[in-house]
There are 2 protein chains.
Amino acid sequence: MAASIIDVARRAEVSTATVSRALRGLPNVSEATRERVLRAAEELSYSVSPQASSLASGRTGMVGVVLPFVNRWFYSQVVAGIDTVLRANDLDILLYNLGDERVHQRFFARMPLRRRVDALIVLNLPLSSGESEALASLEVPIAVLGTHVPGCWHVSIDNAEGASTAVRHLINLGHRRIGMITGALGDPRGFTTPIVRQHAYRTVLAQAGIPYDPDLEAPGHLGIEEGASAMARLLSLPDPPTAVFAETDQMAFGALRTLSRMGLRAPEDVSVIGFDNHETAELLNLTTIGQPVAHQGELLAQQILDALSGASEEPTRVVVPTSLIVRGTTGACTRSTPPT
Amino acid sequence: MAASIIDVARRAEVSTATVSRALRGLPNVSEATRERVLRAAEELSYSVSPQASSLASGRTGMVGVVLPFVNRWFYSQVVAGIDTVLRANDLDILLYNLGDERVHQRFFARMPLRRRVDALIVLNLPLSSGESEALASLEVPIAVLGTHVPGCWHVSIDNAEGASTAVRHLINLGHRRIGMITGALGDPRGFTTPIVRQHAYRTVLAQAGIPYDPDLEAPGHLGIEEGASAMARLLSLPDPPTAVFAETDQMAFGALRTLSRMGLRAPEDVSVIGFDNHETAELLNLTTIGQPVAHQGELLAQQILDALSGASEEPTRVVVPTSLIVRGTTGACTRSTPPT
DNA sequence: TTGTATGCGTTATCAG
DNA sequence: CTGATAACGCATACAA
């Protein structure tokens, strides 16, 4: 049996209260007794029971991290960022991977982290209002990545800005016939990012006086395969685009694969730009919109720390900048546009 | 304040013991009272306090997952596999990312999951004997991926077999001058996988009667960049290899990049084979040795369930098969070998 | 089948 | 600065 606080108290010849204080570094303990307690604890290789401690103090020392896909590059990167900061403050991560729709349902039905965590970090999950309320009912600070939820701390990138930059980059290169490979627009859970990026695409084209052509929007549903087939569809148009903006790098990868399989090259035949700066983007020399991924995780964790320490009363919102990363898949338009 | 078991007991007009039994589905409760209890709990939106429950029962409902890098494809994939199985059994994942050496040290110094978890899953972490003992002292079932630890459950692939298959594939294609890009051999923590794969490479060459040439072994230290420079070194040899086995797909990616930047092609100029079947391997058409990644996570989780349920007394070991996945980067040797 | 009573290991509130 | 003691919320052995 592991030693308990009582054993330590006996050995140090003090009360359990004093042991508790000494071990937690509270101020009102004389150096002499603190020494004695620490030694006794050491000798018994004592460690506090988190459960008992939580039960008595109300704090759990754990932060729940809820996300849709642990196994995707973006999310695993964010988790790593969160971990860095939380670990340094002795907070543990309780992971909830809600990729599967049924798991998602079950999660909100049973609320397994009720009373389990001191705070919550939610990554890019579209939440119904009922679900938001359910989370709020946990009465712990919540930091959200992506979607904004009232009363929550918030970190995100400016998707409209990033997407606009991407499309403008293509326009600046002389392209006028610009396609977009969109993704996850039809997902029943209603992720908002795809919508925002698509809207920016349309807006920038309109601002540039380029007429809207629905054929140039190829829905892809995320994923490499989907990006590939979307690109194939664009290329089969009577008047195919000279440049393509893919909503995510993943889809851009698929687009590039289609190009190379058809014997076409980027940017000579078609310029391609993605979004995310996925780790593979550099490998494939893909021009893209970069966002600091792990850093967003660190920011979320920092917000949690602020909330927990009471350093900041009001939840803050921080928008991190994206940046255009020009690599080899975008170039000047060489084909002329058709007559309007 | 959240409702406690006492509130439920009062409302259902039974004792707290009965509430506890009814809620956990224990057999010796009449249907009528169970109904009443469930209803009362529902009306009060009651949920048990995990801390109190743990304290009283000794079980925590959590499994610790300790790994070196959450943000790498391989590990995030394994975690997803683990999550699938554990989640289905209402076990939570407590994540410990020990990538940083200092974090690693601190982890073993403080053993933060002592009393926190019912079981432990360790992914590919090379452990000193002291560290193994420290984990064993937690007195919970442990499942280990990769390295074998006495007394622990165990899942792994046959690295020697896989690497041998890779090298034999090249030999069968007529290659005799075969290089290897090795990785992480010098890591102070002493991962064993690199050593095993390298050993297999040497053994197979010897068996084929191909003389050993140390120049053909290019240390790369994992990572795309390292793979790229390792390949550059191999190509700069007076008598460069006609085929290269990269210890991991990541390093193979770097090798491919070097080739394409130098205007060379795979397999026409140099055949390249990797190991892992990383998600990007298909995209780059890389021939590789595939291993079921998420599945290994599921197996680990299943072992933990077996251990926890007492279904199996003795820890089991399972070795999952690898498979040669032939894609486009390996082909018949066209260049003749030099005179021995 | 149900209730009673005790223990689980701390923290925190008082009093000293 | 230190000690006694009441929570904390539940599980379980035992009794009924």
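It should be emphasised that the depicted structure is a prediction, and the values quoted were computed from it without experimental measurement. Lettering of chains follows the sequences in order, A, B, ..., and the numbering in each one begins at 1.
Side-chain contact between A:Leu145 and A:Val122: absent, with no pair of heavy atoms (C-beta onward) separated by less than 4.5 Å.
Phosphate contact (OP1/OP2 of C:dG3, side-chain N/O of B:Ser15, threshold under 4.0 Å): present. Contact annotation: B:Ser53 does not reach the phosphate of D:dG9 (side-chain N/O to OP1 or OP2, under 4.0 Å). Residue A:Arg24 places at least one side-chain N or O under 4.0 Å from the OP1 or OP2 atom of C:dA12. Within the structure, every side-chain polar atom (N or O) of B:Arg114 is placed at least 4.0 Å from both OP1 and OP2 of C:dG9. Close to D:dC8, at under 4.0 Å from its OP1 or OP2, lies no side-chain N or O of B:Ser4. A sub-4.0 Å separation between OP1 or OP2 of C:dT11 and a side-chain N or O of A:Ser20 is present.
Using a 4.0 Å heavy-atom cutoff across all strands shown, B:Val19 reaches no nucleic acid atom at all. When heavy atoms are screened at a 4.0 angstrom cut-off, B:Arg34 is found touching no nucleic acid atom at all.
Listed nucleotides: D:dG9, C:dA5, C:dT10. Nearest to the side chain of B:Thr16: C:dA5. The side chain of B:Leu55 sits closest to C:dG9 out of C:dG9, D:dT2, C:dT2. Relative to the side chain of A:Thr33, the nucleotides C:dT11, D:dT2, C:dT2 differ in distance, and D:dT2 lies closest. Comparing C:dT11, D:dG9, D:dT2 against the side chain of A:Arg21 picks out D:dT2 as the nearest. Comparing C:dC8, C:dA12, C:dT10 by their closest approach to the side chain of A:Arg59 singles out C:dA12. Comparing D:dG3, D:dC8, C:dT1 by their nearest atom to the side chain of A:Thr18 picks out D:dG3. Of the candidates C:dG9, D:dA11, D:dC1, the closest approach to any side-chain atom of B:Ile5 belongs to D:dA11. Comparing D:dC10, D:dT2, D:dT5 by their closest approach to the side chain of B:Ala56 singles out D:dC10. Picking from C:dT1, D:dA11, C:dT10 the nucleotide with the shortest atom distance to the side chain of B:Asn28 gives C:dT1.
The pair A:Asp90-B:Arg106 meets the salt-bridge criterion, since a charged nitrogen lies less than 4.0 angstrom from a carboxylate oxygen. One finds a salt bridge joining B:Glu31 and B:Arg34 here, because a Lys/Arg side-chain nitrogen approaches an Asp/Glu carboxylate oxygen to under 4.0 Å.
Remark: C1' of C:dA12 and CG of A:Leu26 are 10 Å apart, rounded to the nearest angstrom. A straight line from CD1 of B:Ile6 to C1' of D:dA11 spans 13 Å, rounded to a whole angstrom. To the nearest angstrom, P of C:dT1 lies 10 Å from CD of B:Glu31. When rounded to the nearest whole Å, the span between CZ of B:Arg10 and C1' of C:dG3 equals 16 Å. Look at CG on A:Leu23: it is 8 Å from P on C:dT11, rounded to the nearest Å.
Side-chain atoms of A:Arg72 and A:Ser76 form no donor-acceptor pair, as typed in the model, at a separation below 3.5 Å. Side-chain atoms of B:Tyr96 and A:Asp92 form a donor-acceptor pair, as typed in the model, at a separation below 3.5 Å.
Just one of A:Asn124, A:Val293, A:Val70 meets the side-chain contact (heavy atoms from CB on, under 4.5 Å) condition when paired with A:Tyr75; it is A:Asn124.
Remark on DNA chain C: of its neighbouring residues A:Gln51 and B:Val29, the 5'-side contact belongs to B:Val29, judged by nearest-heavy-atom nucleotide.
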